[in-house]
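Below: one structure, written as structure tokens.
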Number of protein chains: 2
Amino acid sequence: MTSQPLARAAGERQRDADRTKAEILQVAQREFARHGYAGARVDEIAERTRTTKRMIYYYFGGKEQLYIAVLEKAYTEVRAAEQTVDVAHLAPVEAIRTLAELTFDHHDAHRDFIKLVGIENIHEAEHIRKSELLANLGAPVLDIISRILDAGQESGDFVTEADAIDVHMMISAFCFFRVANQHTFGALFGRDMTAPEHRARLRTMVGELTVAYLRAAGAPA
Amino acid sequence: MTSQPLARAAGERQRDADRTKAEILQVAQREFARHGYAGARVDEIAERTRTTKRMIYYYFGGKEQLYIAVLEKAYTEVRAAEQTVDVAHLAPVEAIRTLAELTFDHHDAHRDFIKLVGIENIHEAEHIRKSELLANLGAPVLDIISRILDAGQESGDFVTEADAIDVHMMISAFCFFRVANQHTFGALFGRDMTAPEHRARLRTMVGELTVAYLRAAGAPA
DNA sequence: CGAAAGTAACTCACTGGTTCGTACATTACA
DNA sequence: TGTAATGTACGAACCAGTGAGTTACTTTCG
């Protein structure tokens with residue numbers, strides 16, 4: 001075997017290919033998030049990578065499969081991040097408040113993902129439904145919320161008998177809307193919900209809101 | 001002047017043109033809502049109207065201007081609907097609950113509008129900003145909420161000192177998310193938030209949620 | 001051991017269909 | 001005759017996707 005750098009082993013080429021695929025996915029995520037599915041250009045993605053369009057088709061098969069791969073990667077990363085959450089050691093009120101704030105931070109930190117979700121909803125989730133990987137992606141968050149709700153009922157901290165999915169939906173709605181609709185909301189109400197001063201207050205607000213709802217009795221006075 | 005129906009007055013032709021424009025806008029709204037801005041096809045819109053593509057360009061000037069016209073019409077209608085809301089005669093708690101539920105109903109009834117808002121946010125509101133009509137569309141809803149909040153503070157029903165825009169944002173977030181994200185949420189959690197049984201519960205929930213938040217003291221217990 | 005066959009990664013040039021937009025002719029009416 | 005409205009046909013750019021090969025390495029087998 002020569003000592004020339006030209007002689008590359010198969011494993012090495014494999015790693016190169018994986019790195020290239022990862023690069024394509026990253027660039028594609030930006031492109032799809034910025035322009036939507038129809039607005040995204042495969043040529044543009046190719047141009048922003050070290051590869052060619054031909055290679056994108058070689059690796060992924062087509063625009064739609066590339067888009068689905070982007071979705072799968074994005075969702076998988078998000079779920080992985082969720083797994084690291086540990087609120088089991090906290091008292092119910094603090095646990096749900098912390099979970100709400102973590103969700104808030106998470107949405108704040110993954111703008112491209114939020115956009116992809118929005119885009120996917122415009123297409124009525126037709127691509128997600130084509131992905132087996134995503135179709136079976138039950139959310140462990142629901143387990144966490146369920147446990148917190150049960151503990152809260154037990155301790156008497158929570159009066160409202162809430163459904164875990166509803167609570168998750170409520171928290172997600174708040175966090176999602178602030179990021180996803182920042183532009184139209186900003187244009188219409190002249191307030192940038194993502195500006196630092198508003199960000200901090202709204203972060204506290206999700207927690208307060210959730211706790212207030214769970215604590216509330218039906219209708220006193 | 002002949003009595004032939006061929007002889008049509010100028011005013012009559014004008015009305016025809018207006019009717020045609022309205023028809024184009026309606027069809028265009030569906031097309032844009034379904035496929036996004038880039039995904040929408042001018043030829044498709046033309047085919048679904050009694051007009052030709054040539055006339056669309058004659059009336060609106062181009063695809064983007066047509067899209068902006070669609071946005072303007074949709075937003076104007078929504079604001080008009082909001083104007084009809086009257087909660088001034090209600091006590092603060094009932095007033096804010098009613099407002100929340102009306103917002104809920106409104107989102108429920110205008111799916112295409114919700115989609116357009118989502119699409120516009122993907123494009124970071126670039127089209128809305130090009131419209132003078134929409135740029136200056138301050139929301140009267142904020143006045144209503146402000147008055148309710150003030151009355152609630154006065155009467156002692158509300159303890160939380162909330163900002164009107166924040167409250168509006170919170171209510172909108174809940175209502176918007178349920179409709180806009182129904183597809184991905186359904187795919188991931190196996191729940192159709194727009195199904196009748198969930199719809200009713202969630203409608204009550206927005207009201208409860210808002211009231212609970214406004215009533216809540218900082219941290220009792 | 002070494003030639004031949006095989007294979008994954010990659011390049012280049014190209015195409016067929018689509019899509020926004022328009023030039024030009026024509027009609028309806030003032 | 002002039003002007004606004006409308007039909008027809010077309011162009012030019014764009015864009016997803018591919019055909020046909022090349023390179024560089026591995027495996028097979030005489």
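In what follows, chains carry the letters A, B, and so on, assigned in the order in which the sequence lines appear, proteins first and then strands, with residues in each chain numbered from 1.
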Is B:Arg54 close enough to C:dT22 that one of its side-chain N or O atoms is under 4.0 Å from OP1 or OP2 there?
no
Side-chain N,O (B:Thr52) to OP1/OP2 (D:dT6) below 4.0 Å
no
Counting only heavy atoms from other residues, nucleotides and ligands, does the tally under 6.0 Å from CZ of A:Arg191 exceed 12?
yes
Separation of B:Asp43 atom CG from D:dT8 atom C1', in whole Å?
14 Å
What is the separation between atom NZ on A:Lys63 and atom C1' on C:dT18, rounded to the nearest whole Å?
13 Å
What is the distance from atom CZ of A:Arg203 to atom CG of A:Leu102, rounded to the nearest 0.5 Å?
7.0 Å
Atom CG of A:Asp18 and atom C1' of C:dA8: how far apart are they, to the nearest Å?
13 Å
Nearest of C:dC20, D:dC15, D:dT6 to any side-chain atom of B:Tyr57?
C:dC20
Nearest-Å distance, CD (A:Glu64) to P (D:dG17)?
9 Å
Name the nucleic acid region contacted by B:Ala46, choosing base, sugar-phosphate or nothing; use a 4.0 angstrom heavy-atom cut-off, strictly under.
nothing
Taking atom C1' of D:dT8 as reference, at what distance in whole Å does atom OH of B:Tyr58 sit?
17 Å
Take atom CZ of B:Arg41 and atom P of C:dG21, then tell me their distance rounded to the nearest Å.
12 Å
Rounding to a whole Å, what distance do you find between A:Glu44:CD and D:dC14:P?
12 Å
Tell me, yes or no, whether the heavy-atom count around B:Gln65 atom CD, taken from other residues, nucleotides or ligands under 6.0 Å, exceeds 12.
yes
With a 3.5 Å cut-off and heavy atoms only, can you find an N or O donor on one side and an acceptor on the other between the side chain of B:Lys53 and the base of C:dG21?
yes
Which residue pairs pass the ring-ring contact (aromatic ring centres under 6.0 Å, His included) test with at least one member in residues 65-84 of chain B, sequence neighbours excluded?
B:Phe32-B:Tyr67, B:Tyr37-B:Tyr67, B:Tyr67-B:His127, B:Tyr75-B:Phe113
Decide if atom CZ of A:Arg50 counts as having more than 12 heavy atoms of other residues, nucleotides or ligands within a radius under 6.0 Å.
no
Rounded to whole Å, CD1 of A:Ile24 lies from P of C:dA9 at a distance of 12 Å
Distance below 4.0 Å between B:Tyr59 side-chain N/O and D:dT6 OP1 or OP2
yes
Between C:dA9, D:dG17, D:dG7, which one does the side chain of A:Met55 approach most closely?
C:dA9
At under 4.0 Å between heavy atoms, what does B:Ala38 touch on the DNA or RNA strands: base, sugar-phosphate, or nothing?
nothing
